[in-house]
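Written out below as structure tokens is the structure these notes cover.
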Amino acid sequence: MTHSAELQERLQGEVMSIPAIDVHSHVPAAAPFARSLRDLLGYHYFTELAHSAGMDKSVIDPQNPDDGMIPALVEAMPTLDNTVQYEWMIELARELFGFGERRLTRHNWQALAESVAAKAGQPHREREILTASSIEKVFLTNSFDDDLAAIDKEIFVPCLRADTLVFQFTDEAVRRSLAKVTNVDISTAADSRGALQKLLDRFVSSGAASAAIALPPHFQVFPIMENDLETAIGKAAGGKPLSGAEMVALQNGALFAVVEICRQSHLPVQVMSGALRGAYHHGVPQGTDLPQAGDTLRGLLPLFNSFPEVTFSLSVLSDSQAHELASYGWIVQNVVVSGHWWYDNMPAYIERDLAARVQSVPKTKLIGYYSDMYKLEFGLPKFNMYRRVLARVLARDFVEGGRGTEDEALCVARLLLRDNARRIFNG
Amino acid sequence: MTHSAELQERLQGEVMSIPAIDVHSHVPAAAPFARSLRDLLGYHYFTELAHSAGMDKSVIDPQNPDDGMIPALVEAMPTLDNTVQYEWMIELARELFGFGERRLTRHNWQALAESVAAKAGQPHREREILTASSIEKVFLTNSFDDDLAAIDKEIFVPCLRADTLVFQFTDEAVRRSLAKVTNVDISTAADSRGALQKLLDRFVSSGAASAAIALPPHFQVFPIMENDLETAIGKAAGGKPLSGAEMVALQNGALFAVVEICRQSHLPVQVMSGALRGAYHHGVPQGTDLPQAGDTLRGLLPLFNSFPEVTFSLSVLSDSQAHELASYGWIVQNVVVSGHWWYDNMPAYIERDLAARVQSVPKTKLIGYYSDMYKLEFGLPKFNMYRRVLARVLARDFVEGGRGTEDEALCVARLLLRDNARRIFNG
Amino acid sequence: MTHSAELQERLQGEVMSIPAIDVHSHVPAAAPFARSLRDLLGYHYFTELAHSAGMDKSVIDPQNPDDGMIPALVEAMPTLDNTVQYEWMIELARELFGFGERRLTRHNWQALAESVAAKAGQPHREREILTASSIEKVFLTNSFDDDLAAIDKEIFVPCLRADTLVFQFTDEAVRRSLAKVTNVDISTAADSRGALQKLLDRFVSSGAASAAIALPPHFQVFPIMENDLETAIGKAAGGKPLSGAEMVALQNGALFAVVEICRQSHLPVQVMSGALRGAYHHGVPQGTDLPQAGDTLRGLLPLFNSFPEVTFSLSVLSDSQAHELASYGWIVQNVVVSGHWWYDNMPAYIERDLAARVQSVPKTKLIGYYSDMYKLEFGLPKFNMYRRVLARVLARDFVEGGRGTEDEALCVARLLLRDNARRIFNG
């Protein structure tokens with residue numbers, strides 16, 4: 001074994017056991033782990049890849065019972081057994097369910113299904129999974145009307161997802177729900193701020209660590225005149241149709257209001273930039289969004305410039321913005337660079353992006369990774385995939401590149417996996 | 001030799017001999033291989049690079065005889081002997097013409113020229129070249145009025161190039177030629193569909209495997225109202241000038257008509273996205289087009305969404321879209337990812353793009369490579385360049401990355417080089 | 001040590017000592033090297049990274065004396081000791097000032113500060129630095145009203161920075177200064193050309209090797225009608241406000257005039273494309289500009305097409321254009337590809353971009369690197385960083401890739417580091 005390979009193996013051994021904080025997931029606090037194999041195979045990565053490779057959508061119809069859906073999906077999976085997503089499934093099956101095979105087949109899925117069902121019944125299963133994954137805490141994605149009291153705060157951290165508030169205030173059901181939760185019947189900008197304040201207060205007092213919002217490609221942030229916002233809210237509250245300009249005023253007004261309250265509450269804002277929603281019309285559920293090449297973060301600068309005291313933890317969806325994102329982390333004090341999101345979440349992209357970030361962004365401004373998972377089991381293979389790339393980049397680029405020692409490399413690794421998240425989100 | 005280097009060498013040994021199907025070339029069926037060294041050196045890669053490095057355009061003037069053109073171009077080539085394009089020339093000279101030198105010089109080109117001329121006279125030369133290249137079939141690019149009967153179907157596969165039909169219907173010569181070939185004098189949308197149907201039928205009955213079209217950067221596909229199309233065709237058929245909106249209607253109407261007929265005939269459509277034509281005004285022939293950074297595939301979504309039953313084999317010209325392309329292959333069922341086109345056709349780009357594709361796209365949806373060549377000789381060095389990168393990526397990323405065995409890696413290689421093309425295009 | 005590692009080490013040994021010409025810097029001829037440690041730590045890379053990581057801007061206030069500023073900045077630097085920028089500081093401290101530590105701390109900066117002050121007093125210090133850096137010549141960035149007589153032409157080469165002339169003619173102070181330097185009071189297009197001619201003549205007779213201009217993202221070059229230019233100059237000269245269209249006319253008219261005079265004087269033009277100025281409002285001085293993803297060079301084509309006899313040495317700021325830039329170098333005769341600018345100036349980007357350039361662009365059209373430095377000391381670590389990447393790329397890709405021998409690789413290295421610059425800029 002070469003010196004270089006030894007170094008990498010040594011670093012990897014260390015990095016694999018560094019505990020992580022997962023700052024973005026969609027884990028439901030009330031059902032955090034899989035009850036059946038369907039909960040795992042039903043993850044959109046598998047359904048969308050299988051559908052993309054030709055599987056009929058009817059397979060995953062909720063009406064299709066487990067013993068129809070599971071074997072049919074298993075049959076479809078050899079078309080995608082080259083992917084890292086497939087490898088996630090195999091790794092979690094091995095590490096969390098004692099599955100001993102390298103491929104999932106019609107002959108062996110039953111054993112895995114039984115193991116999933118059996119493990120689901122064990123007490124403290126969620127803690128067992130997190131321990132096996134070296135994950136300390138998992139941030140959630142909560143709707144403004146979620147019940148936060150029921151959340152197990154020892155391992156979960158609530159986060160307010162603000163998309164609905166910013167983009168769907170014209171939806172009457174949203175307004176009604178908002179009124180119910182806040183006891184504020186919004187008809188003016190002041191009402192709106194009052195309601196948002198109540199919402200945020202509730203989240204903060206429940207231990208929320210951040211607000212989060214996803215913005216579409218080429219979203220342009222504008223500071224809005226109070227008058228224009230007032231008009232837009234009045235119309236929306238009255239159920240009247242809004243012009244394009246009024247929609248801009250409404251959305252930006254809501255965005256600025258949410259961020260202003262985050263500022264007052266010292267709450268960082270997670271911004272996920274660039275998902276083109278519903279782009280592919282025939283996709284499976286959660287398999288219809290795409291990145292858009294040619295996008296830019298330029299349109300978000302008014303937000304970062306307007307709130308220098310708010311920390312924005314920023315992710316992009318398109319690889320064509322990977323360098324732009326690192327550059328923002330490099331000079332913009334209130335932007336930290338976060339994770340490798342969704343379509344970027346594979347070693348080929350992580351490796352180069354991570355090398356560039358570690359070469360050019362202060363190490364205290366990098367949130368290394370988050371899982372984006374829907375069930376806790378996926379934290380293990382996802383974080384492990386990242387840890388392996390992290391060890392490789394630190395070995396080859398940081399240590400062999402002469403910029404630091406192995407101990408210093410491990411210090412960087414700890415910042416990226418846990419310590420930065422803890423400092424930034426526990427403010 | 002390290003274990004890692006051994007693995008790579010072993011895989012490369014296997015991958016180099018996997019036969020390939022070349023799904024996109026410009027080989028003329030009637031003159032598929034070089035008759036003289038000029039036919040090889042005259043390839044636009046060499047003329048454009050030599051011109052770019054300072055060679056006067058007059059060198060390649062058709063009036064300049066071979067013994068003026070060839071030595072002048074040979075003199076210019078040391079400026080570009082660092083490139084992979086130059087290496088293509090040397091590799092094909094060595095493998096197909098017994099050329100024993102590493103550089104082409106004023107002292108040795110005559111021997112190569114003689115060998116080219118001598119080999120051209122041998123019977124079954126095209127088969128000899130394909131055998132040496134491990135290429136089974138070569139797809140052609142045929143104009144709608146090409147004589148398809150003369151094509152040697154054992155090794156060549158006709159493909160209809162649809163650009164003229166979609167973008168040049170306002171050209172009277174095109175309309176006349178179309179009328180001649182189809183016996184339809186187009187003056188309505190119905191005429192147009194009838195004529196296209198006749199064209200496609202002729203191609204399908206001659207064994208055509210696909211239609212192909214190149215779309216410019218930021219091309220926006222729109223479904224068109226029948227009335228608007230009728231007006232546009234009427235004007236164009238009458239030789240009247242069209243407004244911008246009418247041109248949009250004409251082009252999109254023709255595009256949808258072509259794809260609709262492909263749907264009925266179960267013919268995949270090859271889409272090459274992003275060439276900015278005639279961008280550089282002073283270039284040599286075929287050396288004036290450029291990629292455009294910042295482009296996106298978003299504008300093509302209405303096409304993919306409108307024809308879920310048609311397989312689109314998609315290529316992009318700009319590296320800034322490499323990730324977007326892989327993402328489309330990942331979730332869009334009727335999009336397969338095809339090759340590494342033109343300005344992307346070099347190891348530095350192929351390696352990362354290929355790694356990302358193999359990590360994230362079902363292996364059945366990847367057309368690994370095509371040559372885009374004008375003479376059969378170039379298939380050898382181009383496919384071999386690709387095979388070497390493929391072996392390296394599979395060794396380092398797939399096998400060493402723990403996602404599969406060597407046998408599984410070779411299975412992926414066979415899909416990318418041949419089996420996917422055979423399944424997708426022989427439908 | 002593997003054969004591969006030996007090759008790389010051998011090539012690196014050779015490449016490290018190849019002398020370089022630095023075609024773009026901001027070194028002030030009158031104060032080319034550091035007089036104090038503050039001159040080094042005050043480089044915007046350190047102040048912006050430290051500020052980005054949380055340091056208060058007041059630290060670098062000019063009013064803050066050295067013994068307030070230096071220790072405060074040193075305290076901030078552990079947040080960024082992972083970066084290549086930090087490594088530049090350590091390498092130059094070691095190589096030029098005998099600093100023996102790997103990290104700069106509150107305990108050891110004083111020794112370095114003393115060494116900087118002591119070295120500053122030694123005769124011929126600028127030559128000593130350049131010799132230690134293997135840099136032969138350093139191009140400057142001169143304002144049109146700079147005193148060129150005082151420049152030490154043995155080591156420095158004047159270059160006219162044209163940004164002010166093209167973008168700030170509406171500024172009265174600029175017009176006054178221009179009138180003073182040229183003795184031309186501009187009120188017509190002819191006056192403007194006369195003044196520019198005088199400026200350029202002065203630069204050429206002082207040994208200037210190029211003009212340089214930075215263009216913002218998505219800048220669109222238009223050839224302007226003489227009448228429109230006349231109107232725009234008239235208004236600007238009269239201090240009247242210009243419409244958007246008139247600003248376009250004024251800027252493009254000035255740009256074409258500058259380039260036309262460069263054409264007549266056989267002066268290459270360095271174009272730096274893509275800096276979004278003042279994007280981040282709260283940054284430190286020189287730390288407020290950002291790249292913009294999604295940008296394209298397409299808008300510059302009218303310039304390259306209009307002046308086929310002028311060599312444009314082109315750089316981009318956004319990684320999303322790296323492939324586009326290489327493609328321009330590939331086919332556009334009068335475009336040469338230059339360096340790795342600013343936000344792209346780190347090994348993760350240089351390595352892939354350089355590999356692609358050496359694979360696809362004639363070796364005579366590559367200006368490998370420039371420093372962009374403000375003090376001579378930074379030439380050493382920057383060029384050495386580049387030389388190491390260059391050696392690695394040539395070893396792995398060029399020699400091991402079978403495209404050339406070690407000697408040929410060194411020939412490529414010499415072209416990229418020195419010989420191309422000498423040929424192109426000494427025309």
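Chain letters run A, B, ... following the sequence lines, proteins first and then strands; every chain starts at 1. These numbers were taken from a predicted model, which means no experiment stands behind them. Side chains included, hydrogens not; waters and symmetry mates left out as well; all remaining heavy atoms used.
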Note to self: Measuring only between side-chain heavy atoms, which start at C-beta, is A/Tyr349 closer than 4.5 Å to B/Gln359?
What the structure shows: no
Notebook entry, point to check: Under a 4.5 Å heavy-atom cutoff, which of B/Val332, B/Val358, B/Leu415, B/Thr405 has the most pairs with chain A?
Noted result: B/Val332
Note to self: Is a donor from one side chain sitting under 3.5 angstrom from an acceptor on the other, for A/Asp56 and A/Ser58?
What the structure shows: yes
Checklist line | Residue B/Asn305 versus chain A: region with a heavy atom under 4.5 Å | finding: both
Check: Hey, what's the ring geometry for A/Phe378 with A/Tyr43, parallel, tilted or perpendicular (30° and 60° as the breaks)?
Finding: tilted
Note to self: Under a plain distance cut-off of 3.5 Å, with no hydrogens placed, do A/Thr83 and A/Tyr45 share a side-chain donor-acceptor pair?
What the structure shows: no
Note to self: Between B/Ser360, B/Ala293, B/Ala409, B/Gly294, who has the most heavy-atom pairs with chain A when the cutoff is under 4.5 Å?
What the structure shows: B/Ser360
Checklist line | Basic-acidic side-chain contact under 4.0 Å: A/Arg388, A/Glu91 | finding: yes
Next item on the list: Check step by step if salt bridge (charged side-chain N to carboxylate O under 4.0 Å, His left out) holds for B/Glu408 and B/Lys363.
Entry: CA-CA 11 Å; B/Glu408 286 161 349; B/Lys363 65 189 179 191; over 6 Å; no
Item checked: Heavy-atom contact with chain B under 4.5 Å, split by part of A/Thr288 -> backbone
Margin query: Can you tell me which portion of A/Leu317 sits under 4.5 Å from chain B's heavy atoms? Options are side chain, backbone, both or neither.
Written below: backbone
Item checked: Member of B/Val310, B/Leu303, B/Val258 meeting the side chain to side chain contact (heavy atoms under 4.5 Å, CB included) criterion with B/Val269 -> B/Val310
Next item on the list: Pick one of side chain, backbone, both or neither for A/Arg352, based on which atoms fall under 4.5 Å of a heavy atom in chain B.
Entry: side chain
Checklist line | Under 3.5 Å side-chain donor-acceptor pair for A/Tyr386 and A/Asn345 | finding: no
Notebook entry, point to check: Is chain B contacted by the side chain of A/Pro78, its backbone, both, or neither, given a heavy-atom distance below 4.5 Å?
Noted result: backbone
Margin query: Is A/Glu48 close to chain B through its backbone or its side chain, or both, or neither, when contacts mean heavy atoms under 4.5 Å?
Written below: both
Next item on the list: Begin from the C-alpha positions of B/Tyr369 and B/Val389 and carry the test side chain to side chain contact (heavy atoms under 4.5 Å, CB included) through to its verdict.
Entry: CA-CA 11 Å; B/Tyr369 193 72; B/Val389 178; over 6 Å; no
Next item on the list: Decide yes or no for A/Glu87 and A/Met385: does some side-chain heavy atom of the first lie under 4.5 Å from some side-chain heavy atom of the second?
Entry: no
Item checked: Close approach to chain A in residues 321-331 of chain B, criterion heavy atom under 4.5 Å -> B/Gln321, B/Ala322, B/His323, B/Glu324, B/Ser327, B/Tyr328, B/Gly329, B/Trp330, B/Ile331
Note to self: For a quick check under 3.5 Å, do A/Gln12 and A/Gln8 share a side-chain donor-acceptor pair by atom type?
What the structure shows: no
Margin query: Quick check on the 6.0 Å ring-centre criterion: do A/Tyr280 and B/Phe304 meet it?
Written below: no
Check: Contact part of B/Val361 toward chain A, heavy-atom cut-off under 4.5 Å: side chain, backbone, both or neither?
Finding: backbone
Next item on the list: Sort out for me which of A/Gly54, A/Gly283, A/Ala50, A/Ser320 touches chain B most, counting heavy-atom pairs under 4.5 Å.
Entry: A/Gly54
Next item on the list: Say whether, by atom type as modelled, one donor and one acceptor occur between the side chain of A/Asn108 and the main chain of A/Thr105 under 3.5 angstrom.
Entry: yes
Next item on the list: State the NE2-CG distance between A/His51 and A/Leu73, to the nearest 0.5 angstrom.
Entry: 12.0 Å
Check: Between A/Tyr374 and A/Gln286, do the side chains contain an N or O donor and an N or O acceptor separated by less than 3.5 Å?
Finding: yes
Item checked: Contact origin within A/Leu276 toward chain B - heavy atom pairs under 4.5 Å -> side chain
Next item on the list: Go through the side-chain N and O atoms of A/Ser4 and A/Thr2 and say whether any donor and acceptor fall under 3.5 Å apart.
Entry: no
Notebook entry, point to check: Should B/Leu297 and B/Val335 count as side-chain neighbours, where that means a heavy-atom distance under 4.5 Å?
Noted result: no
Margin query: Heavy-atom pairs under 4.5 Å with chain B - which of A/Ala5, A/Gly287, A/Ala279 has more of them than the others?
Written below: A/Ala279
Next item on the list: Please flag which part of B/Arg403 lies under 4.5 Å from any non-hydrogen atom of chain A: side chain, backbone, both or neither.
Entry: both
Note to self: With a 4.5 angstrom heavy-atom cut-off, is it the side chain or the backbone of A/Met55 that approaches chain B, or both, or neither?
What the structure shows: backbone
Notebook entry, point to check: Based on non-hydrogen pairs under 4.5 Å, which of B/Pro308, B/Gly404, B/Ala355, B/Ser306 is most in contact with chain A?
Noted result: B/Pro308
Margin query: Given heavy-atom pairs under 4.5 angstrom as the criterion, report whether the side chain, backbone, both or neither of A/Asp344 touches chain B.
Written below: both
Notebook entry, point to check: What residues of residues 392-400 of chain A sit under 4.5 Å from chain B when you count only heavy atoms?
Noted result: none
